[in-house]
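Keep in mind that the numbers below use all heavy atoms, side chains included, and drop hydrogens, waters and symmetry copies. A note on names: the letters A, B, ... follow the listed sequences, proteins ahead of strands, and every chain is numbered from 1.
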Number of protein chains: 2
Amino acid sequence: MSDLLERLRDRGWRLTAQRRVVAEVLNGEHVHLTADEVHARAGRLLPEISRATVYNTLGELVALGEVIEVTTDGRAKRYDPNARKAHHHLVCTRCLTIRDVPAGAGDGTLPEDDRFGFAISGVEITYRGLCPDCQSGA
Amino acid sequence: MSDLLERLRDRGWRLTAQRRVVAEVLNGEHVHLTADEVHARAGRLLPEISRATVYNTLGELVALGEVIEVTTDGRAKRYDPNARKAHHHLVCTRCLTIRDVPAGAGDGTLPEDDRFGFAISGVEITYRGLCPDCQSGA
DNA sequence: ACCCAGATTTAGACCTAGTCCAAATTCAGA
DNA sequence: TCTGAATTTGGACTAGGTCTAAATCTGGGT
C-alpha cells in the first residue's frame, strides 16, 4: 500500500511487523503525532508493540530522512511524515494545531553578511498565530 | 548596572536577591543558557537559590517579554536575553553553538495564499549548518 | 524447508527536564 | 516596626525519552 515501505525495503530494511505498523500509522495520517501517540495507534494494530520499539523505529525513519522531527513547543517531539517536500510550519498559539506550509522560493537564503561564516545546510521556519477556528469561535 | 533590572522594577516587580542574580546571570552573558546552567551560575552568586525559583523567575521574564525561550534541539529549553531586537538563530549541527542573527526585512511575510486563514503574529527561523570552527578543525 | 548468525524487540530500570505543593521566609508600604 | 501578600524552598512528582541485557525473530544460504 505504501511506497514508504517499498523505499524502506529497497534500503535494506529488515521488515518486521512492528516497523510495518509504525510506518503505516505515519503514512495514513497527515498530522504531526508525538511518539506516544504513534505508540497508541500502533498498539491498536499490533497490541504488544513496545514503547522502545516505537522510539527506535521513529529514530531510524528520521535517520533515513523519511520522517522529520519537529519541536514547536518544547514538549514532546512530533513526527512529520511529509519529509519529501520542503515545507515549514504554521502553529496555532491557542489550540497548538500544526499545518504544513510549502516552502517558498526565497526561503533559506540568509544574506552572506549575516552568516557569520556558517555553512548553512537547512532552515526551519515556524509561523505562529491563530488558526481560523480559534479566531472566530472559542 | 543593568537596565533590565530597572525595567523590571518599573513594572512593579518585587525585587528579591534571587531575581536579581538570575537577571544578572542572563544580562551578563550573550549566550543561550539552559535553566540548569542559569541555576548553576546563579548559585555561584547566591549559593542557596533553589531550582524552583530559577524556573519561576525565568518563566516570569519570558511572560514579561524580557527573555525568549528557544528550543533548537528538543532537549532543554534555552533562555535568550536578547528579546528586544527581533532576531533568528544560527545553530551549528556539530557543536550546537547558537548565534543570533538579526532579522531581515523580508522575514515573517508569508504570502497570503499560504496562510490557510491563520492570523500570523510571529515567526521563528532556525538556520542549521556548520560553524567556522567545525568546518575547519575537528 | 530448515538453520543460524545477526538484527530486532522487549520490559523495565533509569535519566533529564520540568512542574507542583504546602510550609517557611521575606519584602515593602503604612 | 508590623503585617499581609508575594516570594522562596525542598522535595515529591510527572512527562518524555534512553539504555540494557535477555529473548525473539528474520531472511539468506543450503
Side-chain angles (χ1 to χ4, degrees), chain A residues 5-6 8-26 32-43 45-64 66-80 96 98, chain B residues 5-6 8-26 32-43 45-64 66-80 96 98:
Chain A
L5 282 174
E6 301 214 337
L8 294 176
R9 177 160 18 204
D10 290 351
R11 285 167 181 262
W13 235 37
R14 201 146 154 182
L15 205 37
T16 67
Q18 290 83 346
R19 287 172 171 181
R20 203 184 299 266
V21 300
V22 170
E24 207 167 318
V25 165
L26 288 173
H32 300 72
L33 301 171
T34 64
D36 276 341
E37 285 163 353
V38 172
H39 181 218
R41 298 192 186 204
L45 302 171
L46 182 68
E48 288 313 312
I49 192 169
S50 78
R51 235 164 52 91
T53 296
V54 171
Y55 276 101
N56 287 344
T57 306
L58 289 172
E60 285 155 6
L61 288 169
V62 169
L64 289 174
E66 293 290 349
V67 161
I68 290 175
E69 253 177 18
V70 296
T71 345
T72 52
D73 61 348
R75 309 276 309 187
K77 287 174 194 158
R78 293 179 174 275
Y79 292 87
D80 181 345
L96 305 182
I98 301 175
Chain B
L5 282 174
E6 301 213 338
L8 295 176
R9 179 159 18 204
D10 290 349
R11 288 168 181 260
W13 235 39
R14 199 150 154 180
L15 204 38
T16 67
Q18 290 84 345
R19 287 172 171 181
R20 203 183 299 266
V21 300
V22 169
E24 207 167 318
V25 165
L26 287 173
H32 300 74
L33 301 172
T34 64
D36 275 341
E37 285 163 354
V38 173
H39 182 219
R41 298 191 185 204
L45 302 171
L46 182 68
E48 287 314 311
I49 192 169
S50 79
R51 237 165 49 90
T53 297
V54 170
Y55 275 102
N56 287 343
T57 306
L58 289 172
E60 286 154 6
L61 288 169
V62 169
L64 289 173
E66 292 290 350
V67 161
I68 289 175
E69 254 177 17
V70 296
T71 349
T72 53
D73 60 348
R75 308 276 309 187
K77 287 175 194 157
R78 294 180 172 275
Y79 292 88
D80 181 345
L96 305 182
I98 302 175

Checklist outcome for this item: With sugar-phosphate taken as primed atoms, P, OP1 and OP2 and all else as base, the protein-contact string of nucleotides 7-18 of chain D at under 4.0 Å (heavy atoms; B, S, -) is SSBB----SSBB

Under the rule for side-chain contact (heavy atoms from CB on, under 4.5 Å), what residues qualify as partners of [X], not counting sequence neighbours?
X: B/E69; value: B/V62, B/K77, B/Y79
X: B/D36; value: B/T34, B/R51, B/Y55
X: B/L46; value: B/A17, B/Q18, B/V21, B/I49

Item to check | With sequence neighbours excluded, residues passing side chain to side chain donor-acceptor pair (under 3.5 Å) with A/T72 | outcome: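 Checked A/T72 against side chain to side chain donor-acceptor pair (under 3.5 Å); zero matches.
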
Item to check | Listed partners of A/R20 passing side chain to side chain donor-acceptor pair (under 3.5 Å), at least two apart | outcome: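 In terms of side chain to side chain donor-acceptor pair (under 3.5 Å), with neighbours along the sequence ignored, A/R20 is linked to no residue.
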
Every protein N/O lying under 3.5 Å from an N/O of nucleotides 28-30 of chain D:
none

Between [atom2] on [N] and [atom1] on [X], what's the gap in Å once rounded to a whole number?
X: B/R20; N: C/dA28; atom1: CZ; atom2: C1'; value: 13 Å
X: B/E37; N: C/dA17; atom1: CD; atom2: P; value: 9 Å
X: A/R9; N: D/dG27; atom1: CZ; atom2: P; value: 9 Å

Checklist entry - When rounded to the nearest 0.5 angstrom, what distance separates CH2 in A/W13 from OG1 in A/T57? => result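 The distance works out to 5.5 Å.
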
Item to check | Rounded distance [0.5 Å steps], NE2 in B/H39 versus CG in B/L58 | outcome: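 Here the rounded value is 11.0 Å.
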
Next on the checklist: For the helix from C/dA1-D/dT30 to C/dA30-D/dT1, what angle separates the axis at the start from the axis at the finish, each from five pairs, in steps of 10°?
Outcome noted: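 Computed from the C1' atoms at both ends, the axes differ by 30°.
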
Next on the checklist: The criterion is salt bridge (Lys or Arg N to Asp or Glu O under 4.0 Å); which residues satisfy it with B/E66, sequence neighbours excluded?
Outcome noted: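 For B/E66 the salt bridge (Lys or Arg N to Asp or Glu O under 4.0 Å) partners, ignoring immediate neighbours, are B/R7, B/R11.
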
Checklist entry - Taking only residues at least two apart or on different chains, which pairs with a member in residues 54-64 of chain B satisfy salt bridge (charged side-chain N to carboxylate O under 4.0 Å, His left out)? => result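 Those involving residues 54-64 of chain B are B/R19-B/E60.
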
Item to check | A/H32: partners by ring-ring contact (aromatic ring centres under 6.0 Å, His included), with sequence neighbours left out | outcome: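 Checked A/H32 against ring-ring contact (aromatic ring centres under 6.0 Å, His included); matches are A/H89.
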
